[in-house]
Amino acid sequence: MPALRVDQARRIALAAQGFHEPKPTGAVTRAHLRRLISRIQVLQLDSVSVAVRAHYAPVFSRLGPYDRDLLDRAAWSHSARSPRLLVEYWAHEAALMAVEDWPLLRWRMREYTHGRWGREIVRRNRRLADDVVAAVAELGPSTAGQIEAHLQAEPRGPRRSAKREMWDRSDTKWVAEALWSAGVLTTATRVGFARHYDLAERVLPAEVLAREVDDAQAVRELTLRAATALGVGTEADIRDYFRLGAAQVKPALADLVSTGELEAVHVDGTPAYLRAGQKIPRTDRGTALLCPFDPLVFFRPRIERLFGFHYRIEIYTPAAKRRYGYYVWPFLLDGQLVARVDLKADRDANTLHVVGAFGEDGAERARVAPALAAELQTMAGWLGLGGITVGTRGDLAGHLRRSR
């Protein structure tokens, strides 16, 4: 079985995710976006907006400053001249994926007939599901609140503990979410970050809705796409990309190896799978700020293996117990994760504020700080902010302040 060194696997991973390619010198176009999605497959959605929402960041990290309206139009609008490119579904966690890939997840929609969570609420409100569908059919794209108002429904459902208050919602909201998970409803648009539900048949092309894919074939295709997006990965790495189960992935991997689409390899003694035809770059390349939900870093065990970078998100950790900060971005410099910064877009002060900056062990601060400052200035300009400010937390903060 062929063997790869960790540094080779790391370069393959970065190339597969698009970091070895130069960023466009002109305006980023819909064609750039389409090609990027075909490569990385998913843009994870998250409600945290302390710097910029998660789905915008991977595009910036790979393509540089771009007009976020480009992504908004691709995801949440449609016209004859500019058809919808992306749709939301559970394609990792909640994520944007290519519209034409919707049929590959029908098996998951069937698993989520009664939703992903709160299934007991949905099961006891079967009539409400019909009422919600009828309301959306009449209203058009609507928030759960608008649907509820239309049905003149009052929030029911027991209150939970204060710590779980974010999960409290009316039965109408639970049912709308379940219908979304089941593929009956989808996201027509977002205003702010509020999802506006509509009937799937009014959002997705008829040919996409009509396409049926055998469950095993769909899982095989998702497994291949995950392996391609990773470049090289263990079974666990590949499973995580689309949140597939071991019983699904094992036969898919065996088949893909038998047909020559994947190659079984070892990475530093660990069994893994290499996308057939994947070249091993000779040099370390790739410089970017990475949000916590970037596809390169969202499976933390893999990043620790390939980069020696221990990374956890600390949003839900009490402030006094956080090691690095609330919303920390790893910094990739010439193919190595060398630092991390806790970022906040301070609109009132018109700055991108670095709450804390931390260098990794062995990283040369005098080299890292100027490169990081340049990336932060670029990001600030992309977000429409006047510049950057640097706080006092972290061993890299002083170097970064002097490098602005």
Side-chain angles (χ1 to χ4, degrees), residues 1-2 4 9 12-13 16-17 39-45 87-98 100-120 122-123 177-184 186 208 211-276 278 293 295-306:
M1 187 179 293
L4 295 172
I12 290 170
Q17 284 280 311
R39 182 194 292 275
I40 67 174
Q41 300 294 322
V42 296
L43 295 172
Q44 187 172 339
L45 294 159
V87 65
E88 290 184 30
Y89 193 62
W90 299 116
H92 174 65
E93 288 300 313
L96 293 169
M97 65 177 188
E100 56 266 27
D101 292 344
W102 174 269
L104 297 178
L105 289 163
R106 287 192 192 279
W107 57 269
R108 181 166 287 165
M109 295 172 197
R110 289 192 293 273
E111 287 183 359
Y112 291 161
T113 296
H114 296 107
R116 188 177 179 185
W117 296 289
R119 295 184 179 192
E120 70 288 349
V122 177
R123 288 191 181 100
E177 282 289 288
L179 291 166
W180 185 88
S181 295
V184 176
T186 191
V208 170
R211 182 180 165 220
E212 294 290 342
V213 183
D214 174 78
D215 289 2
Q217 184 61 34
V219 169
R220 183 188 189 277
E221 181 62 27
L222 291 170
T223 301
L224 179 60
R225 291 184 184 212
T228 304
L230 294 170
V232 62
T234 66
E235 180 190 316
D237 298 339
I238 292 167
R239 287 203 319 263
D240 179 78
Y241 212 84
F242 288 106
R243 297 296 167 90
L244 302 171
Q248 293 173 300
V249 168
K250 285 181 184 296
L253 287 172
D255 183 54
L256 289 164
V257 169
S258 71
T259 58
E261 292 166 273
L262 296 181
E263 182 179 1
V265 297
H266 277 104
V267 178
D268 199 25
T270 300
Y273 298 88
L274 176 69
R275 183 65 167 100
Q278 178 70 62
F293 302 105
L296 181 68
V297 301
F298 59 35
F299 192 49
R300 314 305 192 209
R302 182 172 188 256
I303 292 309
E304 197 152 358
R305 289 196 317 272
L306 294 184

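The residues of the chain are indexed from 1 along the displayed sequence. Because only heavy atoms are used, hydrogens play no part in the values below, and waters and symmetry mates are left out as well, while side chains stay in. Fair warning: this is a prediction, and the values are worked out from it, not measured in the lab.
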In the structure I gave you, are the side-chain heavy atoms of [X] and [Y] within less than 4.5 Å of one another anywhere?
X	Y	answer
V42	F293	no
F299	H92	no
P295	Q17	yes
D101	R225	yes
M97	V87	yes

Listed pairs under 3.5 Å, donor-acceptor, residues 266-276 side chains, sequence neighbours left out:
from: R275; atom 1: NE; to: T228; atom 2: OG1; distance (Å): 2.8
from: R275; atom 1: NH1; to: E261; atom 2: O; distance (Å): 3.0

Residues pairing under salt bridge (charged side-chain N to carboxylate O under 4.0 Å, His left out) where one sits in residues 295-304, two or more places apart or in two chains, turn out to be D237-R302
Please round to the nearest 0.5 Å and tell me the distance separating atom [atom1] of [X] and atom [atom2] of [Y].
X	Y	atom1	atom2	result
L230	L296	CG	CG	9.5 Å
I238	T223	CD1	OG1	7.5 Å
E111	D215	CD	CG	8.5 Å
L96	L43	CG	CG	5.5 Å

Residue pair [X] / [Y]: nearest heavy atoms and the distance that separates them:
X	Y	result
Y112	A182	O-CB, 3.6 Å
L104	V213	CD2-CG1, 4.2 Å
F242	A91	CD2-O, 2.9 Å
P251	A246	CD-O, 4.4 Å
A229	A16	O-CB, 3.5 Å
S181	G115	CB-CA, 4.3 Å

Lys/Arg-Asp/Glu bridge criterion (N-O < 4.0 Å) met for R243, E93
yes
When the ring planes of Y89 and W180 are compared, do they come out parallel, tilted or perpendicular, using 30° and 60° as the limits?
tilted
Is it true that a side-chain atom of [X] and a backbone atom of [Y] form a donor plus acceptor pair closer than 3.5 Å?
X	Y	value
R106	G183	no
H114	A178	no
R220	A216	no

Checking L45 against E88 for the side-chain contact (heavy atoms from CB on, under 4.5 Å) test, could you report, in this order, the C-alpha distance in whole Å, the side-chain angles of both residues, the deciding distance, and whether it holds?
CA-CA 9 Å; L45 294 159; E88 290 184 30; 3.6 Å; yes
Are R108 and W90 in a cation-pi setup, meaning NZ or CZ lies under 6.0 angstrom from the ring centre and within 45 degrees of the ring axis?
no
